[in-house]
Amino acid sequence: MATDKETTGKKDYGSKNVEDKKSSGSRSKYGSSNIKVLEGLEGVRLRPAMYIGSTSKTGLHHLVYEVVDNAVDEAMAGECDEIKVTIHKNGSLRVEDNGRGIPVDTHPVYKVPAVEVVVTKLHAGGKFDKGSYAVSGGLHGVGISVVSALSTAMKVVVKRDGKKHEQEYTIGKPDYKLKVTGKVDKKETGTAVTFTPDASIFSTTAFDFKVLGARFREIAFLNKGLKISLSDERDGTSEKFHYEGGIVEFVKWANKSKDVVHNKPVYYTKTSEGVVVECAVQYNSGYQENILGFVNTINTIEGGTHVVGFRTALTRVINEYGKKSGLLKNGGVTGDDTREGLTAVISVRVPEPQFEGQTKTKLGNSEVKGIVERISGALMAQFFEENPGDAKKVVSKAMEAQKARAAAKKAKDLVRRKHAFSVGGLPGKLADCSTKKAEGTELYIVEGDSAGGTAKQARDKNYQAILPLRGKILNVEKAAPVKVLGSEQIMNLITAAGTGIGDDFTPEKLRYEKVVIMTDADVDGAHIKTLLLTFFYRFMKDLVEQGKVYVAVPPLYRVRKRKDHYVYSEEELKVLTKKLGKTQVLRFKGLGEMNAEQLWETTMDPKKRLMKKVTIRDAARADEVFSGLMGDDVDARKVFIAERAQEAEIDV
Ligand code: 0RA
């Protein structure tokens, strides 16, 4: 995915329209008449993914974030405290804020109201002088004009200077000049943007309440006091997000289903060299590390210099305090020891963030490491001095981790020796493929022995291996590392994969090209899928990063009319039964209900199957992401549905 830095950089609203000059006739003199220079909103429509990441469900939701981010900028400037988002029945969505309102005075270069420039010209979306913190994860901060370019209809209402102004647009072009439609109190200001995403661009135009709600909750936590409401007029649901406690409430929320080690989260904030650092920390009695990093409200899933700085400071402070207080006698604890059961929110505001990594969610600015480290070192040490009871609990927790780690190592050595005795070192349950090289091969991890049996019959033995798992696997979030390594299911998985685990983990040793998680299309299946993804994320993250982990997408129904049609979503079922009239619909309760031939046809045949590559983002948020969405495969799926419809002589 291309994310062009130039499209997301500073917005020089006041500068000359260089782009228009470039497009003047003189260009052809250079013999480049065949080269079509893409510019303005036309370019956005031709290459939408460059601006919003994709044209799938994720891209669709980026449109909303784009508008909301502008309102959040107003909130950060102290000019707005309420944002109301409404999903309408007709497919449009409105974002209303009580900020200053987009300026309406005439633009010196374009000679039209500023709001029209903001909505219809690329790069003119933001503030006149962007002295603040650019919300730019590579995708955000591209401007409202991108939203208007990708919307069949858009309406902007601005309340400013005692007047209500309105203008509507179609695919980025104004329908009429900005008009004044009423009077308002001089103090009443704000902007309301309503837009209808273009169905010819997006593979889906249905907004997802859950997805939007999750992001708005995050924004509300990160901007204390800001009120965000989300209403869905399609079914009357609504939710409000408002946290006076900000990120302190965020860590409490993240720990809500856990036992906490100390009641009061550590909290500090300080600005240095223009970088605002804000952290909240609270330990739970579990074993996993859960550091949520944010840069200018963008969730940095891949971490970065802010997280590194925090971790370094944490290790140092715990060791220093531990030694000074006499708790730590025999040597120090490691960084890993200090992070078992740690929940932390590290939110930084950086004026010129540099994003790196596969998904552009890793902060690269090297100066931030030192800044966060210094601030965290000083302020966390201060918290420990002032709260010795809590400090003691934290140090003790790290010391326990140190002990458990030694025990885990012993257990691991034991397991390793035990496994050396089994045939070829491979688990008995594994039905391996005949190809011995990894290239072109697939390991299917299947839920249950019954589905495992069908999968064994269904597979192409040449390159597909089957590993059945019995029931639910251990929740690695909750279990101690020693227990994870003691679990037979997990050991089978690790041995079949061949990569080893922990310090021995070698992703290059993966015995297959792909690992495919295949579970039932029901609640239990979804749960097992989540547990497996969590395992991969926590213990074999590199495999996810290298794009080697997939989830199979089995059908939900078989619809019978003249011939069999397999259906993968409720929505698809509705469309198909409407088109086909009276049909016989069979709900597949589990993979085991299909015969081998059906399973091959619908789920395992590379030519016909629907499969989703798991991204780090998916794995990190396993439970959110897999609640009923098919991710980026929907585009491929659309083509497939269209082909089938053609076969069945129906229109979809
Ligand atoms: C340009 C300049 C100013 C505010 C905005 C744009 C603005 C944009 C959006 C989009 C949604 N809500 C918005 N609210 C404001 C600064 C205005 C000033 O200085 O008065």
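Counting starts at 1 for both ligands and their atoms, following the listed order.
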Lys/Arg N to Asp/Glu carboxylate O, Lys163 vs Asp161, below 4.0 Å: no
Glu218 with Arg215: basic N within carboxylate O range, under 4.0 Å: yes
Partner residues of Glu570 under the side chain to side chain donor-acceptor pair (under 3.5 Å) criterion, sequence neighbours left out: Tyr557
N or O pair under 3.5 Å between Glu74 and ligand 1: no
Backbone or side-chain N or O of Asn70 under 3.5 Å from ligand 1 N or O: no
For ligand 1, is [X] a contact, meaning one of its heavy atoms is under 4.0 Å away?
X	answer
Val193	no
Gly99	no
Ile144	yes

Looking at every heavy atom in both [X] and [Y], which two are closest together, and how far apart are they?
X	Y	value
Lys240	Ser229	CG-CB, 4.1 Å
Tyr51	Gly43	CE1-O, 3.9 Å
Ala220	Phe241	CB-CB, 3.6 Å

Can you tell me which portion of [X] lies within the under-4.0 Å heavy-atom range of ligand 1? Options are side chain, backbone, both, or neither.
X	value
Glu79	neither
Cys80	neither
Asp73	neither

Numbered atoms and elements of ligand 1 in range of Arg160, under 4.0 angstrom, heavy atoms: 17 (C), 18 (C), 20 (O)
Thr170 and Asp175: side chain donor to acceptor below 3.5 Å: yes
